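Read the structure below first, then the notes.
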Amino acid sequence: VVWHVVGAGSLGSLWATRLARGGLPVKLVLRDAKRLAAYEANGATLTLVENGVESRLAISAQTADSAEPIERLLLACKAYDAEQAAAALAQRLTPDAQIILLQNGLGSQDAVAAKVPNARCICASSTEGAFRQRDWSVVFAGHGYNWLGDPADPSPPDWLSDLQLAGIPHEWTPDILTRLWRKLALNCAINPLTVLHDCRNGGLMQHHCEVATLCAELTELLQQCGQPAAAEDLHSDVQRVIQATAANYSSMYQDVAQGRRTEISYLLEYACATAERHHCVVPHLQQLKVRLIQHLTDKGLPTN
Ligand code: NAP
């Protein structure tokens, strides 16, 4: 079965190049004819830079308009592009199609599932890190892990062996929602504050009380919205992450610094909306959202 990969950005390229290197059939689905022409002008190859070593992989590409049926789709765009990208390919999906969703945060997965009601949607939570050096070239910056799961069906799919062949570290879990919620909570406790205090993750050691207050509200929220496992020892985990990644700039910090749209709607905004739905009182989290939105507005960036 061919792996159709939508989005030749950081994570999409990281997956596509490793699958291709493992000898598996991969096809890229690019945004439009212009991007396809640019890719072909680059020799229709993607470059993976790993420990300073470049591997160049020939991978064929197409646009969403191609007629070829899609049985397996890796959706590797940003959360705010996922619904539209999936909708554009809905007609091409086979009756037994499976989609793997690489988006950070929560909210986009349900939006995608609503557009492709017959496909099996498998969610991923990735701790791998990659960035684009230039177009069609990705740097594998941080080794990590990929947790995969289907909130609607605990049985593992038959393609995990492909990931094994490709050397993509992964584990199938029936508790993918716990993973996604935990990651979202860590993100809410750290990323917005690094933007507002203009600091690396380690800079939050100077804002210990603010972090502790947010963790208390996030813990309460997770307990009330049916995710108690994601709430366990959240504060100590946040402190551990702050220390372990002290020298790093958070993804949201980098997005803002580079004038890129953030995924706020699928992170802090999603947490606040869930709190409202469950009548859970989280004043500091709400205030954090207001401050972050004001900051993005001041910078001329989208607030959704
Ligand atoms: P990215 O580098 O911006 O890549 C997204 C790609 O999707 C871009 O190449 C974009 O095309 C493409 N795209 C968007 N809509 C499309 C469409 N309709 N058809 C075809 N292509 C489309 O983003 P990323 O860093 O890989 O992040 C993807 C997701 O993974 C995010 O939710 C992110 O939070 C998550 N994540 C990323 C990392 C990481 O280290 N990068 C780690 C963990 C999680 P253009 O190039 O034409 O704009």
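All ligand and atom numbering here is 1-based and tracks the order in the structure. Computed from a predicted structure; not experimentally measured. No hydrogens, no waters, no symmetry mates; every other heavy atom, side chains included, goes into these values.
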N or O contacts of ligand 1 with protein under 3.5 Å, please list pair by pair.
residue, atom, partner, partner atom, Å
ligand 1, 2 (O), Ser10, N, 2.9
ligand 1, 2 (O), Ser10, OG, 3.1
ligand 1, 2 (O), Arg132, NH2, 3.4
ligand 1, 3 (O), Arg132, NH2, 3.4
ligand 1, 9 (O), Gly9, N, 3.2
ligand 1, 11 (O), Arg31, NH2, 3.4
ligand 1, 26 (O), Ser10, N, 3.3
ligand 1, 26 (O), Leu11, N, 2.8
ligand 1, 30 (O), Leu102, O, 3.4
ligand 1, 32 (O), Asn104, N, 3.0
ligand 1, 32 (O), Glu263, OE1, 3.4
ligand 1, 32 (O), Glu263, OE2, 2.7
ligand 1, 34 (O), Glu263, OE1, 2.6
ligand 1, 40 (O), Ala130, N, 2.9
ligand 1, 40 (O), Ala130, O, 3.2
ligand 1, 41 (N), Ala130, O, 3.1
ligand 1, 46 (O), Arg35, NH2, 3.0
ligand 1, 46 (O), Arg132, NH1, 3.1
ligand 1, 47 (O), Arg31, NE, 3.0
ligand 1, 47 (O), Arg35, NE, 3.0
ligand 1, 48 (O), Arg31, NH2, 3.1

Does a side chain donor of either [X] or [Y] reach within less than 3.5 Å of an acceptor in the other side chain?
X      : Y      : value
His279 : Gln224 : no
Gln254 : Gln258 : no
Asn146 : Ser126 : yes

Trp172/Trp147 aromatic ring centres below 6.0 Å: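 When the ring centroids of Trp172 and Trp147 are compared, they turn out to be at least 6.0 Å apart.
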
Give me the one residue out of Leu106, Thr178, Leu267, Asn104 that meets side chain to side chain contact (heavy atoms under 4.5 Å, CB included) with Lys183. Asn104

Quick one: side chains of residues 297-304, donor-acceptor pairs under 3.5 Å with protein atoms, not counting sequence neighbours, listed by atom name and distance.
residue, atom, partner, partner atom, Å
Thr297, OG1, Ile293, O, 2.7
Asp298, OD1, Gln294, NE2, 2.9

